[in-house]
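Below: one structure, written as structure tokens.
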Amino acid sequence: MANRLAEETSPYLLQHKDNPVEWYAWGPEALERAKGEDKPILLSIGYAACHWCHVMERESFEDAETAAYMNEHFVCIKVDREERPDLDSIYMEAVQGMTGHGGWPLTTFLDPEGVPFYGGTYFPPEPRQGMPSFRMVMEAIVESWSTQRERIRASAARIREQLGAIGRLEPSTEPLSPDLVDTAVGRLRTMADMRHGGFGGAPKFPPAAALELLLAHGAHEVVEVTLDAMAHGGIHDQIGGGFARYSVDEVWLVPHFEKMLYDNALLARAYLHGWQELGHERWRRVCEEILAWALREMRGPEGGFHSALDADSEGEEGRFYVWTPDEIRDALDRADLADAAGEVIAYYGVTEEGNFEGRSILHVAGGPAANPPEDLDRTRRALYTHRSRRTWPAKDDKRLTSWNALMIAALAEAGATLPCADYLDAAVACAEFVWRDLRDDRGRLLRSWNDGEARIAAYLEDYAYLVEALLTLYEATFDVRWFDAARQTADLMIELFADSEHGGFFTTARDHERLIARRKDVDDHPIPSGNSSAAYGLLRLAALTGERDYEQHAVGVFRLLHQAGARHPHALAHLLRAMDFHFASVKEVALAAPAGGNGLGELAAVVRSNFRPYLVLAGGTEGTERPELMRERLAVDGEPTAYVCESFACQRPVTRPEELAAALG
């Protein structure tokens with residue numbers, strides 16, 4: 001029996017196509033075999049950029065003896081968590097419930113019906129540090145399957161019930177109140193690490209949504225220390241731009257080196273908004289460097305963006321990114337910058353002993369107060385050129401709808417705000433790619449694309465993120481096709497995912513394959529949940545159209561989760577942002593150009609000149625019918641005209657930029 005992963009397009013699954021393990025991708029063939037042979041399933045879930053996934057593959061899945069044991073006793077299934085978040089969330093919750101912790105690789109043992117009965121994460125080939133070996137775990141599972149089958153079967157119904165509980169949440173009857181958001185913001189302030197930035201101790205993940213919420217509420221001190229600490233730390237690639245997935249320490253120095261598209265899209269907007277609000281040019285530069293990295297290293301020829309860069313190269317974690325003093329000197333000497341070497345070495349905290357396995361992770365040792373070397377840009381280019389000669393980390397080049405949507409939004413907003421035509425062009429090209437190549441013949445979204453092939457029915461987050469992205473792209477370009485696409489996507493999202501009984505949205509569509517539980521994703525850390533994003537996008541759509549039905553679906557999400565949001569603001573920060581928008585006096589701004597002309601640039605620039613979290617923007621020539629906010633908006637005296645409204649009740653139209661600035665406050 002052959003390993004079947006060669007037929008897949010996921011880079012993670014293809015990494016395992018030559019293992020001696022008889023891997024299946026998740027699907028009916030594997031499940032039917034497990035039932036037919038009455039064998040337990042060994043489910044291994046990971047992702048292409050995962051360091052410990054590579055380690056377990058080298059130690060166990062490439063080992064002929066280990067693979068033979070797996071093949072004899074189990075039906076072995078390999079899953080890319082990024083392609084199948086539905087499976088990952090179910091089995092991650094199960095393992096966390098069994099062991100108290102989770103992570104990847106996720107190793108779970110299931111009965112032939114797919115119900116988990118044991119699991120863990122990484123298992124070593126030999127016992128160490130209190131962990132049993134992978135072989136010991138498998139032997140214990142085989143013994144249990146042989147001798148305790150009835151107990152395992154008896155527990156299946158209880159496990160199904162537990163894993164499905166989140167999908168059966170009952171809406172709260174307590175009134176929704178803006179006080180809840182204020183309480184949550186207060187808790188975030190008290191949770192903040194005001195010395196090193198972020199929240200809590202190690203490990204630390206970039207808290208983009210929480211920073212956006214705090215920025216909107218004037219908690220500038222938390223935002224400032226965190227954005228600066230991350231920007232000057234080792235988690236930020238000081239040479240190539242972009243951020244690693246998280247820091248293993250509390251000071252943002254030592255990252256887990258993989259770079260994910262989603263983190264960088266979210267952080268680009270956080271730094272952009274921080275610059276708008278507080279004016280620090282260093283934050284604008286970070287935003288621009290993130291987007292430059294994405295366009296340079298992550299963009300495919302069709303306009304979509306790849307998913308991730310690996311943590312490993314040459315078999316070592318972080319090898320591509322770390323330096324010795326001699327390597328710095330050599331790089332600068334080649335660029336005729338030898339005289340700058342001492343200053344550069346000190347600026348980036350490079351030492352002979354290093355701070356990571358004998359080499360140094362570049363970071364700005366003096367923080368914001370550090371004086372940069374003369375001609376820093378030239379120095380960075382020299383180091384980047386030198387680094388580019390090294391063996392590059394592997395790239396996960398699949399394009400995911402949801403993550404591409406996050407990058408569309410980042411590019412669109414930065415392109416309109418800074419302004420930068422290249423960013424806007426890239427946002428449009430990516431949106432065209434998603435709309436063209438990641439939909440099926442019924443107009444439904446697909447999750448993943450690679451090598452010219454789109455696969456897997458999309459999930460709630462794909463629809464929700466795309467609604468938010470297309471609305472942002474519309475606001476940046478005033479091209480009504482993106483508003484139309486956003487509305488079409490939102491309507492389909494409601495049709496396929498909405499829970500008409502309890503409110504909120506399921507992770508999977510109503511006609512998705514039947515799994516052991518139908519869940520609702522709710523956690524906003526490290527990326528927004530589908531429910532939070534759906535609520536936020538629908539509220540923005542309601543503000544542009546006046547359609548209250550969109551708002552009611554958002555309120556349905558709040559009734560399920562608002563109490564949890566107050567208790568766990570760090571985990572539900574995007575939900576709180578959506579609730580904050582709901583309670584705010586949202587300004588609806590319509591810009592009308594005279595027929596036959598545009599000329600909205602000066603008025604639009606006023607709107608975009610500040611961080612305005614409680615505003616939606618529409619624009620076009622007078623007579624434009626979509627969105628509804630544009631109806632009957634005339635250009636006064638043939639001049640570009642701004643209408644500032646709340647709940648479609650508008651102030652006197654204005655034509656001068658300074659009048660618009662005064663109306664916006």
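- Contact check for Lys520 versus Leu560: side-chain heavy atoms found under the 4.5 Å cut-off.
- Between Tyr118 and Val137, the closest side-chain pair of non-hydrogen atoms falls below 4.5 Å.
- At a threshold of 4.5 Å between non-hydrogen side-chain atoms, the residues Trp449 and Val434 do not count as touching.
- If you check the side chains of Asp397 and Asn450, you find a donor sitting under 3.5 Å from an acceptor.
- Atom CZ of Arg514 has 12 or fewer heavy atoms from other residues, nucleotides or ligands within 6.0 Å.
- Under a 3.5 Å cut-off, the side chain of Asn404 and the backbone N or O of Phe305 do form a donor-acceptor pair.
- Remark: the Tyr550 side chain and the Arg487 side chain contain an N/O donor-acceptor pair separated by less than 3.5 Å.
- Tyr536 pairs by the ring-ring contact (aromatic ring centres under 6.0 Å, His included) definition with His574, Phe581, not counting sequence neighbours.
- Residues Trp403 and Glu461 have side chains in contact (heavy-atom distance under 4.5 Å, counting atoms from C-beta outward).
- In Gln162, the CD atom is crowded: over 12 heavy atoms of neighbouring residues, nucleotides or ligands sit closer than 6.0 Å.
- Of the residues Arg444, Arg442, Arg510, the one that meets the salt bridge (charged side-chain N to carboxylate O under 4.0 Å, His left out) test with Glu495 is Arg510.
- Looking only at atom types and distance, the side chain of Thr507 has a donor-acceptor partner in the side chain of Asp521 under 3.5 Å away.
- Side-chain contact annotation: Thr508 with Asp86, donor-acceptor N/O pair under 3.5 Å absent.
- Checked by atom type, the side-chain pair Thr9/Glu453 shows no donor-acceptor distance below 3.5 Å.
- Considering only heavy atoms from C-beta on, Asp310 comes within 4.5 Å of His54 through its side chain.
- Lys204 and Asp193 are joined by a salt bridge, as a carboxylate oxygen and a charged side-chain nitrogen come within less than 4.0 angstrom of each other.
- A distance of 5.5 Å separates OG1 in Thr66 from CE in Met138, rounded to the nearest 0.5 Å.
- When each of Phe243, Tyr262, Tyr246 is checked for a ring-ring contact (aromatic ring centres under 6.0 Å, His included) with Phe205, only Tyr246 meets the rule.
- Under 4.0 Å is where a charged nitrogen must lie from a carboxylate oxygen, and between Glu513 and Arg84 at least one such pair does.
- Side-chain atoms of Lys398 and Pro11, non-hydrogen and from C-beta on, do get closer than 4.5 Å to each other.
- Distance check: Leu460 CG to Arg519 CZ gives 13.0 Å after rounding to the nearest 0.5 Å.
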Could you walk me through whether Leu31 and Ile77 pass the side chain to side chain contact (heavy atoms under 4.5 Å, CB included) check? CA-CA 9 Å; Leu31 301 176; Ile77 299 178; 4.3 Å; yes

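- Side-chain atoms of Asp523 and Ser529 form no donor-acceptor pair, as typed in the model, at a separation below 3.5 Å.
- For the residue pair Arg540/Thr472, the side-chain donor-acceptor check at 3.5 Å is satisfied.
- Between the side chains of Gln15 and Glu57, no donor N or O sits under 3.5 Å from an acceptor N or O.
- Contact check on Arg153 versus Glu150 returns a salt bridge, with a Lys/Arg side-chain nitrogen under 4.0 Å from an Asp/Glu carboxylate oxygen.
- A salt bridge links Glu59 to Arg128: at least one charged side-chain nitrogen sits closer than 4.0 Å to a carboxylate oxygen.
- Heavy atoms from other residues, nucleotides or ligands lying under 6.0 Å from CD of Glu7 number 12 at most.
- Between Lys78 and Tyr12, the side chains place a donor N or O and an acceptor N or O closer than 3.5 Å (distance only, hydrogens not considered).
- A 6.0 Å sphere centred on NZ of Lys17 holds no more than 12 heavy atoms belonging to other residues, nucleotides or ligands.
- Ring to ring, Phe61 and Trp23 are close: their centroids are under 6.0 angstrom apart.
- Between Glu551 and Arg548 a salt bridge is recorded (basic side-chain N to carboxylate O distance below 4.0 Å).
- Relative ring orientation between Tyr47 and Trp104 is described as perpendicular, the plane-to-plane angle rising above 60° on a 0-90° scale split at 30° and 60°.
- Checked for salt-bridge contact, Glu161 and Arg168 meet the test: a charged N lies under 4.0 Å from a carboxylate O.
- A 4.5 Å side-chain heavy-atom check between Leu538 and Phe505 finds at least one atom pair inside the cut-off.
- By the ring-ring contact (aromatic ring centres under 6.0 Å, His included) test, His512 is found to be paired with Tyr459, residues two or more places apart in sequence or in another chain being considered.
- Judged by distance alone, the side chains of Glu317 and His256 do bring a donor and an acceptor atom under 3.5 Å apart.
- In summary, Arg135 and Glu139 engage in a salt bridge, as defined by a charged side-chain N under 4.0 Å from a carboxylate O.
- Salt-bridge check for Glu29 with Arg4: passed, with a basic side-chain N closer than 4.0 Å to an acidic carboxylate O.
- Here the straight-line distance linking atom CZ of Phe558 with atom NE2 of His553 works out to 13.0 Å at 0.5 Å rounding.
- A side-chain donor from one of Ser402 and Arg447 sits under 3.5 Å from a side-chain acceptor of the other.
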